[in-house]
Amino acid sequence: EAMPSGSSGVKGEILMWIQDAEDKLTQLAEAMPEGKYTWSPDKGVRTVGEVFMHVAAANYGVPSFIGVPAPEGFKFETYEHSMTKKSDIVKSLKDSFAHVEGALKAMSDTDMDKPAEFFGMKTTARGTYLLLLSHAHEHLGQAIAYARSNKVTPPWTAKQQAAEKQAQKK
C-alpha cells in the first residue's frame, strides 16, 4: 500500500500504520453484530463496545497532551462508557481516527520534536503519535480475539479466504 498523499517520512509512515489500524478496527466494528457489543470474555473486562470506545477515547484524549483540543464535552475518564449503540460507537471510532489523522497531518515536522509528557512519561509529539499507533494495534489484536470468540471472521481474512477458494476453482 502506498503512503498517504501529502505526508512523507516518519509522519507519512505513522499515518499509514494508524490508517491500517483504523481500517481493520472499523471493519471489525461493522462486522460485529449489535447483540455482541455487550459481550466480554470475563467479569470486569471491557466489552466489545468498550474496546472500540477505549480506542476512540485515546484518539481524542492523548493528542490533548500535545495541544490538540479534544471535541467539546469530551471527558477522558468516562468516554469509553458513554455510548452503547453500535451505530454510535462505529461513528465515534471513525470520527476519532479523523481527529488524530487531521492533527498529525497538520503538525509540522519541526513540531514533531517538541517535548511532551503524559501518564508520567517524557516523550515528544512524535512519541505521542507512535503511542496512538501502537495503542490502536494493541486493541485491534484484542478486537480480533473478541470477534473470533464470537464466531466472527475478520472481514479482511474472509475476503482473502474467498479469493483463495476462487483461485482453487480455476
Side-chain angles (χ1 to χ4, degrees), residues 1-8 10-40 45-108 111-112 114 116 118-119 123-147 150 152 154-156 159:
E1 227 171 271
M3 273 206 241
S5 59
S7 290
S8 61
V10 172
K11 209 163 86 171
E13 290 171 334
I14 292 170
L15 189 59
M16 178 180 75
W17 291 110
I18 285 176
Q19 288 173 334
D20 175 68
E22 172 189 18
D23 179 47
K24 290 175 177 155
L25 280 162
T26 302
Q27 285 184 56
L28 275 177
E30 289 171 340
M32 286 297 278
E34 174 113 34
K36 294 295 182 183
Y37 265 62
T38 55
W39 182 88
S40 162
V45 179
R46 282 186 185 104
T47 65
V48 168
E50 287 167 352
V51 169
F52 296 128
M53 288 299 290
H54 176 74
V55 173
N59 287 350
Y60 283 135
V62 172
S64 70
F65 296 117
I66 55 169
V68 179
E72 193 70 39
F74 172 82
K75 299 251 184 306
F76 215 151
E77 302 73 30
T78 56
Y79 193 74
E80 81 181 52
H81 304 288
S82 67
M83 294 175 204
T84 53
K85 253 180 74 201
K86 175 179 174 173
S87 58
D88 295 338
I89 292 171
V90 171
K91 183 182 184 321
S92 172
L93 188 64
K94 288 178 180 178
D95 291 349
S96 78
F97 274 106
H99 178 79
V100 166
E101 291 162 18
L104 178 58
K105 287 175 188 172
M107 182 168 277
S108 72
D111 283 346
M112 292 289 277
K114 281 191 171 163
F118 48 89
F119 308 128
T123 186
T124 59
R126 181 189 325 74
T128 303
Y129 286 107
L130 288 167
L131 169 68
L132 286 167
L133 151 65
S134 60
H135 184 261
H137 280 273
E138 173 185 344
H139 292 290
L140 169 61
Q142 180 184 20
I144 290 168
Y146 277 28
N150 285 284
V152 174
W156 59 93
K159 202 169 145 186

Just so I know, are the side chains of Thr38 and Thr84 near enough to count as touching, which here means a heavy-atom distance under 4.5 Å? no

Distance, nearest 0.5 Å, that separates [atom1] of [X] from [atom2] of [Y]:
X	Y	atom1	atom2	answer
Ile18	His137	CD1	NE2	8.0 Å
His54	Leu93	NE2	CG	12.0 Å
Glu101	Gln19	CD	CD	4.5 Å
Leu15	Tyr129	CG	OH	10.0 Å

Can you name the closest pair of heavy atoms from [X] and [Y] and give their distance?
X	Y	result
Met83	Ile89	O-CD1, 3.7 Å
His99	Pro71	CE1-CD, 4.4 Å
Glu22	Lys94	OE2-O, 4.2 Å
Ala116	Ala125	CB-N, 4.2 Å
Met53	Ser82	CE-OG, 3.6 Å

Any residue meeting side chain to side chain contact (heavy atoms under 4.5 Å, CB included) with [X], in chain and number order, not counting sequence neighbours:
X	value
Lys91	Asp95
Trp156	Lys24, Gln27, Leu28, Leu140, Ile144, Pro154
Ser40	Val45, Thr47
Ser108	Thr110, Asp111

Test Leu104 against Met112 for side chain to side chain contact (heavy atoms under 4.5 Å, CB included), laying out the working first. CA-CA 9 Å; Leu104 178 58; Met112 292 289 277; 3.9 Å; yes

Please answer whether the main-chain N or O of [Y] pairs with a side-chain N or O of [X] as donor and acceptor at a distance below 3.5 Å.
X	Y	value
His139	Leu25	no
Lys11	Met107	yes
Asn150	Tyr146	yes
Ser134	Leu131	yes

Determine whether Val55 and Phe97 satisfy the following criterion, side chain to side chain contact (heavy atoms under 4.5 Å, CB included), listing intermediate values before the conclusion. CA-CA 9 Å; Val55 173; Phe97 274 106; 3.9 Å; yes

Pairwise salt bridge (charged side-chain N to carboxylate O under 4.0 Å, His left out) hits with a residue in residues 125-146, at least two apart: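 Non-adjacent pairs meeting salt bridge (charged side-chain N to carboxylate O under 4.0 Å, His left out): Asp113-Arg126.
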
Taking only distance into account, with no hydrogens and no angle test, what donor-acceptor pairs under 3.5 Å do side-chain atoms of residues 57-64 form with protein atoms, sequence neighbours excluded?
residue	atom	partner	partner atom	Å
Asn59	ND2	Ser96	OG	3.1
Tyr60	OH	Ser96	N	3.3
Ser64	OG	Gly61	O	2.4

Under 30°, 30 to 60°, or over 60°: which ring-plane class applies to Phe65 and Phe119, parallel, tilted or perpendicular?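 Correct class here is perpendicular.
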
Parallel, tilted or perpendicular: which fits the ring planes of Phe52 and Tyr37, with parallel below 30° and perpendicular above 60°? tilted

